[in-house]
Enquirer: 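Take a look at this one; I'll ask things after.
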Amino acid sequence: MATDLSWEDCDPWEAFLPRVAEALSAAARRAGAEIPAAELRGQLEWGNSEQADVAFPAHRLARTVGQDARELALRIARNVPSTVGVDRVESTGAFVNVTLDAERFIDRTLTIIRDRGARYGGGPARPGVSCIEHTSANPTGPFHIGRVRNAILGDTLARAARASGEKVVTQYYADDLGRQSAMITWIWSKPIDRWPEAIRAALPNGAEATEEKPDRRLGRPYPLVSQYVKNHPEAAEEVGRLVQDLEGGRAPPTHRQLAEEILRGMCASLRRLGIEFDEFVWESSLLADGSVEAVVQRLKAAPHAVREANGAWAIDASGYGLPKESPRIIFLRHDGTTLYTTRDVAYHLEKFRRFDRVVDVLGQDHRLHARTLDALLAEIGEGRRPEYLIYQDLVLPGGGRMSTRGGSAVWLDDLLDEAVKRARDEVRRRRTDLADDALDAIAQAVGAGAVRYHILRVAPDKPVQFRWEEALSFEGRAGPFLQYAYARAASILRKSGVARAVGRWTASDLLGVEERALVKILSRLPSLVAHAARSGQVHSLAGFAHDIADRFNRFYHAVPVLGSGDKEASRLALVEATYQTLGNTLDLIGVPRLETM
RNA sequence: GGGCGCGUGGCUUAGCUGGAUAUAGCACCGGGUUCCUAACCCGGCGGUCGGGGGUUCGAAUCCCCCCGCGCCCGCCA
């Protein structure tokens with residue numbers, strides 16, 4: 001890999017925007033308005049239509065120099081020096097509209113796509129390593145789809161960050177301490193025939209051993225155990241003792257095995273969505289290696305540490321802007337055991353030691369936890385903080401969250417099974433030529449793509465409405481729409497009979513409106529990836545993928561490629577560039593590519 | 001009660017640090033297949049951007065108040 005790559009080698013716009021900014025800055029100076037090119041560049045906007053590729057709203061500048069905005073825009077437009085890559089500059093109202101040299105722009109874009117290939121969309125490699133922690137659901141049972149948004153956001157962010165040039169390690173923080181996992185161990189350490197009747201009732205008539213997925217099989221009694229323990233003090237006491245044992249490092253040998261087995265099943269579900277992890281961090285390991293104890297010592301010595309009457313330790317956090325009702329953050333219980341937040345401090349210190357960027361993907365119910373964690377980090381003099389990507393829950397049509405106990409949970413596996421089944425019916429209807437295994441492969445990809453896209457397309461801070469019909473939609477703004485456009489491009493390339501990366505083209509062959517619009521959308525991938533990787537707003541990539549497919553479909557209907565005579569080679573090159581760019585984008589959002597469907 | 005988040009056409013949704021006529025999808029209505037995959041395309045209908053004030057040349061975007069929904073306010077995780 002070339003290490004001396006610059007942004008100009010990666011992003012088509014880099015060859016134009018700095019020059020446009022220079023030219024406009026020079027013109028502004030002649031018009032009596034000083035503004036450095038770099039600052040002006042920050043105010044440039046994408047042209048909103050056919051009338052401009054780049055626009056500069058002159059209002060702000062006009063104000064600072066006390067001129068009339070329309071007047072200034074007009075004078076800037078008139079004073080722009082002839083600039084390589086710029087075709088013409090006009091003013092409309094208070095806007096300075098810049099039209100780029102279309103042939104140069106097309107050349108630049110197609111060249112970069114060809115040269116970068118599978119890496120198109122990314123930027124130069126950057127030093128440092130990022131850690132993205134996501135999912136981290138307790139290993140107590142199967143994923144319901146309320147939890148999967150975290151995994152999809154985190155995984156997509158990891159893909160975007162990786163593409164944009166970061167080295168990324170994804171981590172799953174697995175909780176093998178605490179009551180939840182204790183209850184799993186508590187029930188499974190007894191033979192089934194000695195389970196309380198109320199819990200045994202959860203198991204389908206003696207079929208407990210037949211289900212193959214461990215998360216489902218082992219997690220099944222969990223909701224009932226949780227209920228049972230609430231109403232049976234003697235059971236609660238046993239579970240309580242187990243919690244103590246876990247924290248004291250005296251976990252029964254089956255404990256970790258159970259957790260790992262359930263987690264294995266959960267991860268198998270996520271793998272169907274293309275989600276995998278680089279590392280798993282077990283919470284108990286932070287106790288075992290003494291790092292939690294070290295944090296406790298530092299917290300006890302912190303400026304606002306206080307000892308409660310019963311012996312517990314806390315931080316007086318009234319200075320940290322937390323809700324006034326809970327100005328104290330307990331970090332050590334009266335019995336000397338630690339809390340989740342305390343252990344999380346140890347976890348984050350470890351992350352800061354190893355990584356240059358630390359991102360946590362959290363549900364909105366963890367917002368306060370995040371602020372608490374920040375406060376504790378500040379208390380022990382740690383200067384760094386994690387970045388939080390916080391998302392709202394997935395909600396059901398009637399309102400409300402998905403709950404395992406309330407019976408409103410939809411298991412991820414069931415959703416995927418249903419999606420794949422419907423996709424299979426759909427494929428079978430259209431394709432009579434396919435063998436069963438080819439058909440299955442397409443159905444898997446379509447089903448998984450539909451589900452992943454459905455959840456990814458909404459901005460993280462808005463709730464996702466879950467409806468079966470929409471999650472399983474194969475039309476319009478949906479995963480299969482993208483796959484279909486990609487398959488179409490693939491089909492044209494196959495039929496052209498020429499195997500290559502982006503072939504030769506003549507930019508002047510591609511000056512039609514559809515072609516120019518398509519090139520323009522393709523050119524935006526690098527800046528979008530960079531933005532998504534930085535901000536975590538990965539849903540924008542889902543929208544962008546749709547825009548490419550949409551533009552390509554219009555081009556497809558309006559412009560013949562194969563058999564189009566002397567323009568065929570250029571048009572093929574454009575199809576190849578689309579195929580490459582849309583394919584890269586599908587990889588980024590984790591929707592499987594399909595060469596045929 | 002307090003804190004945080006959200007509120008855009010019938011439904012779902014885009015809108016980057018305020019900028020030119022507010023995105024798209026679903027649904028609905030009307031068209032398109034002798035032509036590279038119709039899971040597609042073209043046209044139409046539909047919005048006082050929750051309500052009210054304010055800042056500004058300009059507000060869906062920023063500020064304040066109110067209403068609605070969600071989450072949190074544990075020596076749980």
Side-chain angles (χ1 to χ4, degrees), chain A residues 42-43 45-46 48-49 51-52 55 57-60 62-63 68-70 92-95 97 136 138 175 177-181 283 308 310-314 321-326 328 330-335 337-341 343-344 363-369 371 390 392-393 395 399-401 423 426-427 429-431 446 457-459 461-465 467 469-470 473-478 480-481 483-485 487-496 527-528 531 535 537 539-540 542-543 546-547 549-550 553-554 556-564 571 575 596-597:
Chain A
Q43 296 181 22
E45 297 173 358
W46 301 105
N48 68 336
S49 68
Q51 63 185 309
H59 313 79
R60 203 185 311 179
R63 188 170 179 72
D68 175 74
R70 303 167 69 95
T92 309
F95 286 83
N97 286 326
S136 303
N138 290 344
D175 176 15
L177 301 173
R179 296 181 68 79
Q180 300 199 357
S181 66
E283 199 169 5
E308 304 283 314
N310 65 2
W313 282 81
L322 297 171
K324 290 194 176 61
E325 286 77 3
S326 59
R328 299 210 159 165
I330 305 288
F331 64 86
L332 197 63
R333 291 191 186 96
H334 71 278
D335 64 1
T337 57
T338 59
L339 289 96
Y340 161 65
T341 307
R343 293 175 227 132
D344 213 19
Q364 69 157 334
D365 55 336
H366 278 63
R367 270 199 153 96
L368 181 60
H369 168 71
R371 292 171 61 191
I390 291 175
Q392 299 245 5
D393 297 299
V395 297
R401 279 201 288 181
E426 202 68 22
V427 181
R429 243 188 37 224
R430 294 153 198 275
R431 299 289 298 271
V446 169
R457 53 192 259 274
V458 181
D461 55 6
K462 300 207 184 172
V464 168
Q465 301 265 345
R467 292 203 176 87
E469 324 87 69
E470 285 169 23
S473 165
F474 296 158
E475 290 169 8
R477 255 206 102 187
F481 176 93
Q483 293 169 316
Y484 188 69
R488 263 183 166 169
S491 172
I492 293 178
L493 299 181
R494 254 194 324 273
K495 290 197 169 151
S496 76
S527 56
L528 261 139
H531 176 257
S535 69
Q537 300 298 300
H539 69 292
S540 60
H546 177 268
D547 291 346
D550 181 48
N553 281 334
R554 291 200 231 176
Y556 176 90
H557 281 281
V559 183
V561 177
L562 298 180
S564 60
R571 288 176 178 173
V575 173
T596 177
M597 69 186 278

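Letters A, B, ... are given to chains in the order of the sequence lines, protein chains preceding strands, and every chain is numbered from 1.
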Enquirer: Using a cut-off of under 3.5 Å, enumerate the N/O to N/O pairs linking the protein to nucleotides 7-9 of chain B.
Expert:
| from | atom 1 | to | atom 2 | distance (Å) |
| --- | --- | --- | --- | --- |
| B:G7 | OP1 | A:Lys462 | NZ | 2.7 |

Enquirer: Would you mind classifying the nucleic acid contact of A:Ser535 as base, sugar-phosphate or nothing, using non-hydrogen atoms under 4.0 angstrom?
Expert: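 No contact.
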Enquirer: Residues two or more places apart in sequence or in another chain: which of them pass side-chain contact (heavy atoms from CB on, under 4.5 Å) with A:Glu45?
Expert: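 A:Glu45: side-chain contact (heavy atoms from CB on, under 4.5 Å) contacts with A:Pro57, A:Phe95.
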Enquirer: With sugar-phosphate meaning primed atoms plus P, OP1 and OP2, does A:Val559 contact a base, only sugar-phosphate, or nothing at under 4.0 Å between heavy atoms?
Expert: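 Base contact.
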Enquirer: Centroid distance below 5.5 Å plus an interplanar angle below 30 degrees: do A:Phe95 and B:A20 meet both conditions?
Expert: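 Yes, aromatic ring over the base.
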Enquirer: What's the separation between atom CD in A:Gln364 and atom CZ in A:Arg367, rounded to the nearest 0.5 Å?
Expert: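 It comes to 6.0 Å.
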Enquirer: Heavy atoms under 4.0 Å, any strand shown: does A:Ala459 hit a base, just sugar-phosphate, or nothing?
Expert: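 Contact class for A:Ala459: sugar-phosphate only.
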Enquirer: Which residues pass the side-chain contact (heavy atoms from CB on, under 4.5 Å) test with A:Val427, sequence neighbours left out?
Expert: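 A:Val427: side-chain contact (heavy atoms from CB on, under 4.5 Å) contacts with A:Arg431, A:Leu434, A:Leu439, A:Ile442.
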Enquirer: Does any N or O donor sit under 3.5 Å from an N or O acceptor when you compare the side chain of A:His334 with the base of B:C75?
Expert: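 Flag set: donor-acceptor pair detected.
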Enquirer: May I ask you to say what A:Asp335 touches in the nucleic acid, namely base, sugar-phosphate or nothing, with a heavy-atom cut-off under 4.0 Å?
Expert: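 A:Asp335: no heavy atom of the nucleic acid under 4.0 Å.
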Enquirer: If I take atom CZ in residue A:Arg457 and atom P in nucleotide B:U23, what distance separates them, rounded to the nearest angstrom?
Expert: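 Going from CZ in A:Arg457 over to P in B:U23 covers 19 Å.
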Enquirer: Looking for any heavy atom pair under 4.0 Å, which part of the strands does A:Gly42 touch: base, sugar-phosphate only, or nothing?
Expert: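 Base, at least one base atom sits under 4.0 Å.
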Enquirer: Rounded to whole Å, how long is the line connecting atom CG of A:Leu368 with atom P of B:C76?
Expert: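 Nearest whole value for this atom pair: 15 Å.
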Enquirer: Kindly write out the residues that satisfy ring pair (Phe, Tyr, Trp, His ring centres under 6.0 Å) with A:His531, not counting sequence neighbours, or none if the list is empty.
Expert: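 Here no residue qualifies.
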Enquirer: Which whole-number value in Å describes the distance from A:Arg371 CZ to B:G2 C1'?
Expert: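 After rounding, the gap between these two atoms is 11 Å.
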Enquirer: Please name all residues satisfying side chain to side chain donor-acceptor pair (under 3.5 Å) with A:Ser491, sequence neighbours left out, ordered by chain then number.
Expert: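 Applying side chain to side chain donor-acceptor pair (under 3.5 Å) to A:Ser491 gives none.
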Enquirer: Just checking A:Arg70: base, sugar-phosphate only, or nothing, at a heavy-atom cut-off of under 4.0 Å?
Expert: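 No contact.
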Enquirer: Applying a 4.0 Å non-hydrogen cut-off, can you work out what A:Asp550 is touching in the nucleic acid: base, sugar-phosphate, or nothing?
Expert: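 The residue A:Asp550 makes sugar-phosphate contact but no base contact.
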Enquirer: For A:Asp335, what residues pass the side-chain contact (heavy atoms from CB on, under 4.5 Å) criterion, not counting sequence neighbours?
Expert: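 Here the qualifying residues are A:Gln244, A:Arg333, A:Thr337.
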Enquirer: Taking only side-chain nitrogens and oxygens of A:Asn553, does any of them come within less than 4.0 Å of OP1 or OP2 of B:C40?
Expert: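 No, because none of the side-chain N or O atoms of A:Asn553 sits under 4.0 Å from OP1 or OP2 of B:C40.
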Enquirer: Could you list the protein-to-nucleotides 26-32 of chain B atom pairs, N/O on both sides, closer than 3.5 Å?
Expert:
none

Enquirer: Please report, rounded to the nearest Å, how far the P atom of B:A14 is from the CD atom of A:Gln537.
Expert: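 Rounding to the nearest Å, CD of A:Gln537 and P of B:A14 are 10 Å apart.
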Enquirer: Each nucleotide N or O in nucleotides 56-61 of chain B that has a protein N or O under 3.5 Å away: list the pair and distance.
Expert:
| from | atom 1 | to | atom 2 | distance (Å) |
| --- | --- | --- | --- | --- |
| B:C57 | OP1 | A:Arg63 | NH1 | 2.8 |
| B:C57 | OP1 | A:Arg63 | NH2 | 3.3 |

Enquirer: Looking only at atom P, what distance separates B:C41 and B:A27, rounded to whole Å?
Expert: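 Per the computed distance, 13 Å lies between those P atoms.
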Enquirer: Taking the P atom of each, how far is B:A14 from B:C62, in whole Å?
Expert: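 B:A14 and B:C62 have their P atoms separated by 15 Å.
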Enquirer: In whole angstrom, give the distance that lies between atom CD of A:Gln364 and atom P of B:C69.
Expert: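 Distance check: A:Gln364 CD to B:C69 P gives 15 Å.
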Enquirer: Check every strand shown and say whether A:His366 touches a base, only sugar-phosphate, or nothing at a heavy-atom separation below 4.0 Å.
Expert: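 Counting heavy atoms under 4.0 Å across all strands, the contact made by A:His366 includes a base.
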Enquirer: If you take atom types as modelled and just measure distance, does the side chain of A:Asp344 reach the base of B:A77 with a donor-acceptor pair under 3.5 Å?
Expert: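 Not at all, since no donor on one side and acceptor on the other fall under 3.5 Å apart.
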Enquirer: With sequence neighbours excluded, tell me which residues meet side chain to side chain donor-acceptor pair (under 3.5 Å) with A:Glu283.
Expert: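 Per chain and number, A:Glu283 pairs via side chain to side chain donor-acceptor pair (under 3.5 Å) with A:Tyr173, A:Arg343.
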Enquirer: Provide, to the nearest angstrom, the distance between the CZ atom belonging to A:Arg328 and the C1' atom belonging to B:C75.
Expert: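 Spelled out: CZ on A:Arg328 to C1' on B:C75 is 13 Å.
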Enquirer: Nearest-Å distance, NE2 (A:His546) to P (B:U12)?
Expert: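 That distance rounds to 18 Å.
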Enquirer: Rounded off to whole Å, could you give me the CD1-to-P distance for the A:Ile390 and B:G3 pair?
Expert: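 Rounding to the nearest Å, CD1 of A:Ile390 and P of B:G3 are 18 Å apart.
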Enquirer: The criterion is salt bridge (Lys or Arg N to Asp or Glu O under 4.0 Å); which residues satisfy it with A:Arg554, sequence neighbours excluded?
Expert: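 With neighbours one apart ignored, the set is A:Asp550.
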Enquirer: Categorize A:Val575 for me: base, sugar-phosphate, or nothing, with a 4.0 angstrom heavy-atom threshold over every strand shown.
Expert: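 No contact at all - A:Val575 keeps every heavy atom at 4.0 Å or more from the nucleic acid.
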Enquirer: Within the pair A:His539 and B:G15, is there a side-chain N or O less than 4.0 Å away from OP1 or OP2?
Expert: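 Answer is yes, contact under 4.0 Å.
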Enquirer: Taking atom types as they are modelled, is there a donor-acceptor pair under 3.5 Å from the base of B:G19 to the side chain of A:Glu45?
Expert: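 Side chain to base: no pair present.
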Enquirer: How is A:Ala69 classified with respect to the nucleic acid when contacts are heavy atoms under 4.0 Å: base, sugar-phosphate, or nothing?
Expert: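 Nothing, no nucleic acid heavy atom in range.
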Enquirer: Please determine, for the side chain of A:Ile330, which listed nucleotide (B:C75, B:C6, B:C71) has the closest atom?
Expert: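 My answer, after comparing the listed nucleotides, is B:C75.
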Enquirer: Can a side chain N or O of A:Tyr556 be found less than 4.0 Å away from OP1 or OP2 on B:A38?
Expert: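 A:Tyr556 to B:A38 OP1/OP2: side-chain N or O found under 4.0 Å.
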Enquirer: Using a 3.5 Å distance criterion without hydrogens, assess whether the side chain of A:Ser473 forms a donor-acceptor pair with backbone atoms of A:Glu469.
Expert: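 It does not hold such a pair.
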Enquirer: Base, sugar-phosphate, or nothing: which does A:Arg554 touch, judged by heavy atoms less than 4.0 Å apart?
Expert: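 Contact class for A:Arg554: sugar-phosphate only.
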Enquirer: Name the nucleic acid region contacted by A:Pro463, choosing base, sugar-phosphate or nothing; use a 4.0 angstrom heavy-atom cut-off, strictly under.
Expert: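 Sugar-phosphate, backbone atoms only, no base.
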Enquirer: I'd like to check the side-chain contact (heavy atoms from CB on, under 4.5 Å) partners of A:His366; sequence neighbours left out, ordered by chain and number.
Expert: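 Applying side-chain contact (heavy atoms from CB on, under 4.5 Å) to A:His366 gives A:Tyr340, A:Leu362, A:His369.
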Enquirer: Quick one: list whatever passes side chain to side chain donor-acceptor pair (under 3.5 Å) with A:Glu475, sequence neighbours left out.
Expert: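 Applying side chain to side chain donor-acceptor pair (under 3.5 Å) to A:Glu475 gives none.
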